[in-house]
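Down below is the structure, laid out as structure tokens.
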Amino acid sequence: MKFVGAVPCRATVCLTRKWQPGEFNMARAAATSRSARRGTSLSERGSVFVVDDDPSIRTSLNRLLREHGFAATLFDSAGALLHHGSFDKAICIVLDIDLNGRSGIDLRRQLAEEGVTAPVIYITGNDSSANRAAAVASGCIAYLVKPFTAQSLIESVARASAA
């Protein structure tokens with residue numbers, strides 16, 4: 001296993017990783033196996049909430065998640081996510097750090113203050129040490145820099161689903 005970069009997030013490590021052929025499906029298979037033992041499919045357990053102001057990113061992530069057996073609920077803004085609620089149905093929240101003038105990190109803090117415990121996966125096109133430090137401090141299971149690999153997102157979602 002070869003790591004290109006890593007940032008610690010709570011007790012896990014956020015990875016940008018080079019994968020061997022077929023290797024990324026191992027985390028997904030493990031999560032599916034745990035769900036099968038419980039008698040539920042991953043999609044019955046909930047949905048991945050995706051919050052990004054870029055429609056092409058939302059569409060791409062929706063397609064990717066569906067291809068890997070995850071249901072997705074898409075939001076174009078922080079306000080849309082807050083209005084929707086139903087956070088108990090979220091497997092995790094994939095959250096863009098820059099949401100058209102609103103900080104995804106500030107949104108995460110607000111959700112935590114309101115008692116939302118869904119795991120957060122940050123995505124960003126504007127990587128900086130300040131963003132990384134703030135993301136880690138706010139609590140996340142992954143910090144992915146655009147463009148990120150499909151495998152890195154699916155592994156992070158599978159990890160959140162298995163928790």
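Numbering starts at 1 and runs along the sequence shown.
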Here the pair of heavy atoms bringing Ala135 nearest to Tyr122 is CB-CD1, 3.5 Å
Rounded to the nearest 0.5 angstrom, the CG-CG distance for Leu107 and Leu82 is 5.5 Å
Please walk me through it: do Val120 and Ile141 pass side-chain contact (heavy atoms from CB on, under 4.5 Å)?
-> CA-CA 6 Å; Val120 171; Ile141 63 165; over 6 Å; no
Between the main-chain N or O of Val157 and the side-chain N or O of Ser161, is there a donor-acceptor pair closer than 3.5 Å?
-> no
Scanning both residues in full, the closest heavy-atom pair of Val116 with Arg108 reads O-NH1, 4.0 Å
Does a salt bridge link Asp96 with Lys146, judged by any charged N lying under 4.0 Å from a carboxylate O?
-> yes
Starting at CG of Asn62, measure out to CD of Glu67 and round the result to the nearest 0.5 Å.
-> 10.0 Å
Do the rings of Phe49 and His84 sit parallel, tilted or perpendicular, given the 30° and 60° boundaries?
-> perpendicular
Between the side chain of Ser86 and the main-chain N/O of Lys89, is any donor-acceptor distance below 3.5 Å?
-> no
Do the non-hydrogen side-chain atoms of Thr117 and Phe87 ever get within less than 4.5 Å of each other?
-> no
Contact summary for Thr124 and Asn126, nearest pair of heavy atoms | OG1-N, 3.0 Å
Arg109 side-chain N/O to Ser138 backbone N/O, donor-acceptor pair under 3.5 Å | no
Where is the tightest heavy-atom contact between Leu99 and Asp53, given as atom of each residue plus distance?
-> C-OD2, 3.6 Å
Is the side chain of Ser60 donor-acceptor paired with the backbone N or O of Ser56 at a distance under 3.5 Å, no angle test?
-> yes
Backbone N or O of Asp52 within a donor-acceptor pair of the Arg58 side chain at under 3.5 Å?
-> yes
Give, for atom CG of Leu61 and atom CD1 of Ile121, the distance between the pair rounded to the nearest 0.5 Å.
-> 10.0 Å
Which atom of Ala80 lies closest to which atom of Ser77, heavy atoms considered | N-OG, 3.0 Å
Are any of the side-chain heavy atoms of Leu65 and Val50 separated by less than 4.5 Å?
-> yes
Residue pair Val51 / Val94, side-chain heavy-atom distance below 4.5 Å | no
Please test Val136 against Tyr143 for side-chain contact (heavy atoms from CB on, under 4.5 Å), starting from the C-alpha separation and ending with a verdict.
-> CA-CA 8 Å; Val136 170; Tyr143 179 93; over 6 Å; no
To the nearest 0.5 Å, what is the distance between CD (Gln110) and CG (Leu81)?
-> 9.5 Å
Could you tell me whether the side chain of Thr73 and the main chain of Ser47 form a donor-acceptor pair under 3.5 Å?
-> no
Atom CG in Leu95, atom CZ in Phe75: separation rounded to 0.5 Å?
-> 11.0 Å
What distance separates Ile123 CD1 from Asp98 CG, expressed to the nearest 0.5 Å?
-> 11.0 Å
Heavy-atom closest pair (Ala78 atom, Arg102 atom, distance to 0.1 Å) is CB-NH1, 3.7 Å
